[in-house]
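Lettering follows sequence order; numbering is per chain, from 1. Only a predicted model underlies this, so the values are computations on that prediction, with no experimental measurement involved.
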Number of protein chains: 2
Amino acid sequence: MLAMAFTTTADVEDHAPASAHNVAVERDLLGERLGRGAIRTLEAKEHLFCEGDVASHVYRVEVGHICIYRMMPDGRRQVVDFAYPGDMIGLGALGDHADSAQAMERTIVRTMPIATLRELAQSDTRLGLKLYEALSRELMAARELLFTVSQRTAAERVAAFLLALCRRSERRGEAANEIVLPMTRMDIADFLGLTIETVSRTLTKLRHDGVIDLEQCILVTILKPEALAQLAQGGGEGRHRN
Amino acid sequence: MLAMAFTTTADVEDHAPASAHNVAVERDLLGERLGRGAIRTLEAKEHLFCEGDVASHVYRVEVGHICIYRMMPDGRRQVVDFAYPGDMIGLGALGDHADSAQAMERTIVRTMPIATLRELAQSDTRLGLKLYEALSRELMAARELLFTVSQRTAAERVAAFLLALCRRSERRGEAANEIVLPMTRMDIADFLGLTIETVSRTLTKLRHDGVIDLEQCILVTILKPEALAQLAQGGGEGRHRN
DNA sequence: CGAAAGATTGAATTTGGTCAAAACAAGTGG
DNA sequence: CCACTTGTTTTGACCAAATTCAATCTTTCG
């Protein structure tokens, strides 16, 4: 269950074992149909949809990365999820979108009308179940994030974040200890409920402690995975245990 | 959408207009079957299920209140939801429970095996859709809470919490400005990511400011709903707007 | 009633935020 | 190729909000 941490924007395909390649076998109806779906290309910073828009489609990221977030009138922002290639977006939307989705770089998505999705789900109960499970996984991820943000210290949050990215890499069969951050410090900060300064400081501290290496501020090398894992738990003496 | 704040543990019935009474008309299949389902009574502090248990049933609270939470090994706790009469519990569970459900007082629930739920959902596609929507609403609630905990100050969190309870009362046709807190300060604290002391202090401050009244520390009277709403937004000059 | 659990209040401490400046990186145009 | 601009990241000094620790007060319940 812990392995699920942050594993949000559930891919509807079964969670692939490490052996599966990026080009997953599209054996189910949804995958097939999406494969034939319209393609849309987004420039960096372009929005796929915004808070309040009518939820007309679901999407699957093909290339690039998308940041999903919500804003408060006064400018405070909560990043809810980062969608990687293979991830579905917009599954949970009912009526209007409750959040915005913005490309973090040039990004390609496949699109599919919600109406079509509904039809498919009706004709194939197994698909309906899959969707349900995908949503359920999103819920769990959201709660995991809630937990992290609510209960952990800054250091623990950053550690947990890095670990989650590691696991994501592993799951898609990439190098597990070298991760490229497609998001800015600002995105990380708004995801973890911190400021950019704190994120930066924390990363620097991890570097000085020899836990990670940071060359271009976009490339993180995990030197001591155990230390990181330890930190992500209450290992560094966390906070109020009441 | 904002009105959804904290409206978690979605009731599967349509969101009833304010006129609807507690004894909602059970027109759909699920309601009927649950109405005929087995009853289980829990004493205060008794668990309905625990983290890691196999998810065998879904439940609907009939009388009393249930607290849903997750724990870290070191004792830190995150309350994820409070379930009121009419609320469903366990909808999102896949395989094992990711959280624990504990009665906050003597509580009665109706139970229904997940297998039965699956069958029902297969025979009635509309029910499947309803379940999906219920889960989706839970997801939104989780994200709303995430937002609150992550971005708001202590005062704002408590204000938002009280307001959410107000709305809940309203929705079930109860007095909107007198709310009884079925949960302890500890529960509130673990829900909002604060300490009991901070919760207590914040409530005291609200009382001194004449925004609420607090007689038995369990009964909150909202004296200035607008002020509370204002606070819940960034009205009291919130935090880092970057 | 009296014990135990829960809630409040106060004082000291700490974490993380704010503000401000400097360092870097990437891209543009001369 | 270099100066120049712009945007992001890092670093430091200071400050405020929330936690910790500790003591007291209330409520609940046997």
Side-chain angles (χ1 to χ4, degrees), chain A residues 43-45 67 74-77 104-106 148-159 180-208 212-220 231 234 236-242, chain B residues 43-45 67 74-77 104-106 148-159 180-208 212-220 231 234 236-242:
Chain A
E43 296 307 318
K45 309 247 168 165
C67 171
D74 66 356
R76 283 180 277 181
R77 189 176 76 131
M104 302 189 316
E105 62 206 85
R106 174 179 274 259
T148 297
V149 160
S150 176
Q151 308 288 1
R152 306 215 236 246
T153 66
E156 290 169 0
R157 290 185 220 185
V158 172
V180 177
L181 302 178
M183 67 289 282
T184 67
R185 297 287 186 267
M186 188 77 222
D187 292 329
I188 302 178
D190 286 345
F191 184 63
L192 296 178
L194 299 169
T195 57
I196 34 177
E197 293 96 328
T198 303
V199 172
S200 183
R201 271 185 258 272
T202 308
L203 286 173
T204 316
K205 177 141 195 312
L206 286 176
R207 182 158 57 81
H208 282 138
I212 64 173
D213 197 13
L214 255 184
E215 337 235 340
Q216 308 135 71
C217 85
I218 236 186
L219 180 74
V220 182
L231 232 183
E237 279 326 287
R239 196 197 293 232
H240 64 112
R241 64 207 78 269
N242 295 307
Chain B
E43 296 307 318
K45 308 246 168 168
C67 172
D74 68 355
R76 283 180 277 180
R77 189 175 76 133
M104 303 188 317
E105 61 203 88
R106 173 179 276 259
T148 296
V149 159
S150 175
Q151 310 287 3
R152 305 215 238 246
T153 65
E156 291 169 358
R157 291 185 219 185
V158 172
V180 178
L181 302 178
M183 67 289 283
T184 67
R185 296 289 186 266
M186 187 80 223
D187 292 328
I188 301 178
D190 286 345
F191 185 63
L192 296 178
L194 299 169
T195 57
I196 34 177
E197 292 96 328
T198 304
V199 172
S200 183
R201 270 185 258 273
T202 307
L203 286 172
T204 314
K205 175 139 197 314
L206 286 176
R207 181 158 55 81
H208 283 137
I212 64 172
D213 197 13
L214 256 183
E215 337 236 337
Q216 307 136 71
C217 85
I218 236 187
L219 180 74
V220 181
L231 232 183
E237 277 329 283
R239 196 196 292 229
H240 65 111
R241 67 206 75 268
N242 294 308

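- Each end of the helix from C:dC1-D:dG30 to C:dG30-D:dC1 gets its own axis from five base pairs, and the two axes differ in direction by 40°, given to 10 degrees.
- Closest approach of A:D190 and A:R77 over heavy atoms only: OD2-NE, 2.6 Å.
- For A:D190 and C:dG17, the CG to P distance is 11 Å, given to the nearest whole Å.
- Side-chain to base pairing of B:R207 with C:dT9: no donor and acceptor N or O lie closer than 3.5 Å to each other.
- In this structure, A:L214 atom CG and C:dA25 atom C1' are separated by 15 Å, rounded to whole Å.
- Residue A:E197 contributes atom CD, which lies 14 Å from atom C1' of C:dT15 at whole-angstrom precision.
- Residue contacts for B:T198: at a heavy-atom cut-off of 4.0 Å it reaches a base atom on one of the strands shown.
- You'll find the side chain of A:L206 reaches within 4.5 Å of the side chain of A:L231, heavy atoms only.
- Scanning both residues, A:I188 and A:M183, for their nearest heavy atoms gives CG1-CG, 3.5 Å.
- With hydrogens and angles left out, the side chain of B:R201 and the base of C:dG10 share a donor-acceptor pair within 3.5 Å.
- The side-chain heavy atoms of B:L194 and B:V158, taken from C-beta on, include a pair separated by under 4.5 Å.
- Between B:T148 and B:R157, the shortest heavy-atom contact is O-CG, 3.7 Å.
- Between B:P182 and B:V180, the shortest heavy-atom distance links the atoms CD-O, 3.1 Å.
- If you find the closest nucleotide of DNA chain C to A:A155 and to A:Q216, the one lying nearer the 5' end belongs to A:A155.
- Straight-line distance from the CG atom of A:L194 to the C1' atom of C:dT18: 14 Å, rounded to whole Å.
- For B:L203 against B:I212, the heavy-atom pair with the smallest separation is O-CD1, 3.8 Å.
- Distance, B:I212 CD1 to C:dT8 C1': 13 Å, rounded to whole Å.
- In this structure, B:R152 atom CZ and D:dA18 atom P are separated by 14 Å, rounded to whole Å.
- For C:dT18, neither phosphate oxygen OP1 nor OP2 lies less than 4.0 angstrom from any side-chain nitrogen or oxygen of A:T195.
- One interatomic measurement links the two molecules: CZ of A:R76 to C1' of C:dT18, which rounds to 15 Å at whole-angstrom precision.
- The shortest non-hydrogen separation linking A:V199 to A:R185 is CG1-CD, 4.0 Å.
- Between A:K205 atom NZ and D:dT11 atom C1' the separation is 16 Å, expressed in whole Å.
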Atom pairs under 3.5 Å: protein N/O with N/O of nucleotides 3-7 of chain C:
{"residue": "C:dG6", "atom": "OP1", "partner": "B:K45", "partner atom": "NZ", "Å": "3.2"}
{"residue": "C:dA7", "atom": "OP1", "partner": "B:R185", "partner atom": "N", "Å": "3.3"}
{"residue": "C:dA7", "atom": "OP2", "partner": "B:R185", "partner atom": "N", "Å": "3.1"}

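- Listed by chain and number, the residues in a side-chain hydrogen bond (donor to acceptor under 3.5 Å, both in side chains) with B:E43 are B:R106 (sequence neighbours excluded).
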